[in-house]
Amino acid sequence: QPTHPPPTDTPTSRCSSAASDVYKRQEVARRLAHEIKNPLTPIQLSAERLRNKLLPNLAEDQSEIVDRATNTIVQQVESLKLMVNDFSDYSRMPNMEPEPLNLNTIVNDTVELYKGDSERVKIQLDLDSHSLNIRGDSARLRQVLHNLIKNAIEAMPDNKKCIITISTFPFDLANTKYAGLQITDNGPGFPIDVLSRAFDPYMTTKPKGNGLGLAVVKKIIEEHNGAIEIDNMKNEGATINIRFPLFNYSVRKTLNKAT
């Protein structure tokens, strides 16, 4: 009987090929971000030196031109640096340090940083009374919360105080136990035409936004085997629902049985 070579197009080979393609694209993106970032600091320093050197020796009308021009260069370089950093974060391979975490602790630690800005933002907490243990990287999960809180604050009109409510709770879905995280605000909500594309890279409605904030949030959550959904509330504001698989549910089950 003739022998036939094993098929080369198997699910395993396709997954391996897809993973290899993703890695190559991410590596190209990482190197591109590095090459773009390299000249930015010298450009910024050169503009600042020109400013400091020329301004004292120029007439008033000329100094105003140099002042505006150098300020524009410095500000745009800073914007480019932020964009490149976000692009690098989005494109890099996950480099997480997962450990058992209490989701409530992550929320409390992050919100603590905003208590000094009480005139502009009020954050209300409605956290589950029991520990919601998940497995993840605490730094990256804090980044998720920072990005979402920052988005809510930036979306708020200047004359209105931003009120954010953060809730945590356990729930079951398809025989799997999850820790839920809900964030709501009293802002204008997401534009209807943006809702379906909000997580697309470079999708933004902000004049100075680079459109990577929510894309990075989604990527980090998916790295933690979680999911995120966004919507607008009926009256005002946006609502964001996130879920993470619960890492250890035995304590909660024991408590429920005891009661």
Which residues share a side chain to side chain donor-acceptor pair (under 3.5 Å) with [X], sequence neighbours left out:
X      : answer
Asn241 : Gln182
Asn186 : none
Glu78  : Gln44
Glu112 : Lys115

Value rounded to 0.5 Å, distance of [atom1] in [X] from [atom2] in [Y]:
X      : Y      : atom1 : atom2 : value
Glu223 : Leu141 : CD    : CG    : 10.0 Å
Leu145 : Lys150 : CG    : NZ    : 14.0 Å
Asp109 : Leu101 : CG    : CG    : 10.5 Å

* **Contact list for residues 47-60, test salt bridge (Lys or Arg N to Asp or Glu O under 4.0 Å), sequence neighbours left out** => Arg51-Asp67

Residues that [X] engages under salt bridge (Lys or Arg N to Asp or Glu O under 4.0 Å), provided they are two or more places apart:
X      : result
Asp231 : none
Arg120 : Asp117
Lys160 : Glu236

* To do: For Leu125, enumerate each residue passing the side chain to side chain contact (heavy atoms under 4.5 Å, CB included) test, keeping only those at least two apart in sequence or located in another chain.
  => Val107, Asn108, Val111, Ile123, Leu127, Ile166

* Would you say Asn57 has more than 12 foreign heavy atoms packed within less than 6.0 Å of its CG? -> yes

* **Set of ring-ring contact (aromatic ring centres under 6.0 Å, His included) partners for Tyr114, sequence neighbours left out** => His146

* Does Val66 sit in a hydrophobic cluster with other residues, and if so which ones, taking ILVMFWY side chains as linked at heavy-atom separations under 4.5 Å, directly or through other members? -> Leu50, Leu54, Leu55, Leu58

* Each residue besides Met233 in its hydrophobic cluster should be listed here, by chain and number; the cluster joins Ile, Leu, Val, Met, Phe, Trp and Tyr at side-chain heavy-atom distances under 4.5 Å. => none

* What heavy-atom pair brings Asp185 and Ala152 nearest, and what distance separates the two atoms? -> OD2-CB, 3.7 Å

